[in-house]
> 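Structure below; questions to follow.
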Amino acid sequence: MAREVQITFDAADPAALSAFWADTLGYELQGPPGGFDSWEAALDAMGVPPERRNDTSAVVDPAGAGPRLFFQRVPEGKQAKNRVHLDVRAAPGLTGDDRMAALEAEADRLTARGARRLARHEPAPPLGAGHIVMADPEGNEFCLD
């Protein structure tokens with residue numbers, strides 16, 4: 001039996017990091033619970049004080065196909081290289097120079113949104129199609145693939 005997967009990010013600023021990943025993946029911020037027109041109204045009803053309202057955030061695939069990404073505030077910063085990372089498929093179906101140009105364009109777009117470029121790996125046929133290693137605004141590594 002297959003199970004749903006949620007990917008959780010530890011973050012200093014869950015709202016900002018969730019907005020970055022929503023933009024990167026074409027996701028949207030998860031809507032408020034049923035019966036509420038906004039998160040502000042829901043959090044008011046739940047009695048969440050203003051200083052705790054950025055403790056968590058979540059983004060979802062509007063088509064419902066991809067996993068939910070959950071962001072939780074933690075006190076410590078990122079300590080080491082990720083052992084697991086996301087590969088963002090930014091050039092599906094493209095090869096060679098066209099693929100790398102599409103990856104470069106996406107790397108530039110995400111850099112403008114606060115990501116950092118870490119490395120470019122050139123295509124190495126037959127198995128390596130080339131990719132760009134990036135870090136999100138809080139330093140979590142991911143690949144444009």
Side-chain angles (χ1 to χ4, degrees), residues 1-95 97-123 128-145:
M1 171 171 116
R3 295 201 167 104
E4 288 185 19
V5 172
Q6 170 176 281
I7 300 169
T8 301
F9 289 74
D10 290 348
D13 185 348
L17 198 56
S18 67
F20 171 83
W21 281 103
D23 179 60
T24 298
L25 299 176
Y27 273 37
E28 59 190 29
L29 293 175
Q30 184 170 344
F36 295 98
D37 293 334
S38 69
W39 272 108
E40 201 64 32
L43 296 172
D44 283 342
M46 293 176 202
V48 177
E51 67 273 8
R52 300 287 314 271
R53 294 191 178 189
N54 189 23
D55 282 0
T56 64
S57 187
V59 299
V60 294
D61 178 352
R68 178 180 190 246
L69 303 184
F70 181 73
F71 303 85
Q72 61 188 6
R73 184 188 304 270
V74 297
E76 69 278 354
K78 185 172 178 302
Q79 303 278 324
K81 183 181 182 309
N82 298 9
R83 293 288 307 255
V84 175
H85 67 268
L86 301 182
D87 285 344
V88 177
R89 304 292 180 165
L94 298 178
T95 60
D97 291 342
D98 291 338
R99 173 185 173 78
M100 296 311 291
L103 295 180
E104 287 291 349
E106 185 65 357
D108 290 346
R109 185 181 81 81
L110 296 177
T111 299
R113 299 253 325 144
R116 285 182 299 115
R117 178 192 181 102
L118 301 178
R120 175 179 161 137
H121 296 272
E122 298 299 325
H131 63 281
I132 298 174
V133 181
M134 304 285 293
D136 73 15
E138 291 202 13
N140 301 300
E141 296 92 2
F142 65 98
C143 291
L144 294 177
D145 183 349

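Residue indices begin at 1 and follow the sequence shown.
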> Identify the heavy atoms of Arg117 and Ala107 that sit nearest to each other, and give their distance.
NH1-CB, 4.1 Å
> Which heavy atom of Ala42 sits nearest to which heavy atom of Pro33, and what is that distance?
CB-CD, 3.8 Å
> Working note: Glu51 + Arg53, criterion salt bridge (charged side-chain N to carboxylate O under 4.0 Å, His left out); need CA distance, chi angles, decisive distance, verdict.
CA-CA 6 Å; Glu51 67 273 8; Arg53 294 191 178 189; over 6 Å; no
> Inspect the surroundings of CG in Asp97 and state if more than 12 heavy atoms from other residues, nucleotides or ligands are less than 6.0 Å away.
no
> What pairs of donor and acceptor atoms, side-chain ones from residues 25-32 against any protein atom, are under 3.5 angstrom apart with sequence neighbours left out?
unit_1: Tyr27; atom_1: OH; unit_2: Pro67; atom_2: O; d: 3.0
unit_1: Gln30; atom_1: OE1; unit_2: Arg68; atom_2: NE; d: 2.6
unit_1: Gln30; atom_1: OE1; unit_2: Arg68; atom_2: NH2; d: 3.0

> Working to the nearest 0.5 Å, report the span between CE of Met100 and CG of Leu94.
11.5 Å
> Would you call Met134 and Leu103 a side-chain contact if the rule is heavy atoms closer than 4.5 Å?
no
> Search all heavy atoms of Ala90 against all heavy atoms of Glu106 and return the closest pair with its distance.
CB-CG, 4.0 Å
> According to side-chain contact (heavy atoms from CB on, under 4.5 Å), who are the partners of Asn82, at least two apart in sequence or on a separate chain?
Lys78, His85, Asn140, Glu141
> Indicate the atoms forming the closest heavy-atom contact of Ala91 with Ala102, along with that distance.
CB-CB, 4.0 Å
> For the residue pair Ala12 and Arg73, what are the closest heavy atoms and their distance?
O-NH1, 2.9 Å
> Considering residues at least two apart in sequence or located in another chain, which fulfil the side-chain contact (heavy atoms from CB on, under 4.5 Å) criterion with Ala119?
His121, Val133
> Indicate the atoms forming the closest heavy-atom contact of Pro137 with Arg113, along with that distance.
CG-O, 4.1 Å
> Start with the C-alpha distance between Asp145 and Val88, add both sets of side-chain angles, then the distance that settles side chain to side chain contact (heavy atoms under 4.5 Å, CB included), and finish with yes or no.
CA-CA 6 Å; Asp145 183 349; Val88 177; over 6 Å; no
> Taking Gln79 for the side chain and Gly77 for the main chain, is one N or O donor matched with an acceptor at less than 3.5 Å?
yes
> Would the distance check show the side chain of Asn54 and the main-chain N or O of Ala15 forming a donor-acceptor pair, the cut-off being under 3.5 Å?
yes
> Apply side chain to side chain contact (heavy atoms under 4.5 Å, CB included) to the pair Asp136 and Phe9, showing each step before the final yes or no.
CA-CA 11 Å; Asp136 73 15; Phe9 289 74; 4.1 Å; yes
> Is it the case that the side chains of Asp10 and Gln72 hold a donor-acceptor pair, with the cut-off being a distance below 3.5 Å and no angle test?
yes
> What's the spacing between Asp44 CG and Phe36 CZ if we round to 0.5 Å?
9.5 Å
> Does the pair Asp23/Arg109 count as a salt bridge with the N-to-O cut at 4.0 Å?
yes
> Check for me whether the distance between the ring centres of Phe142 and Trp21 falls short of 6.0 Å.
yes
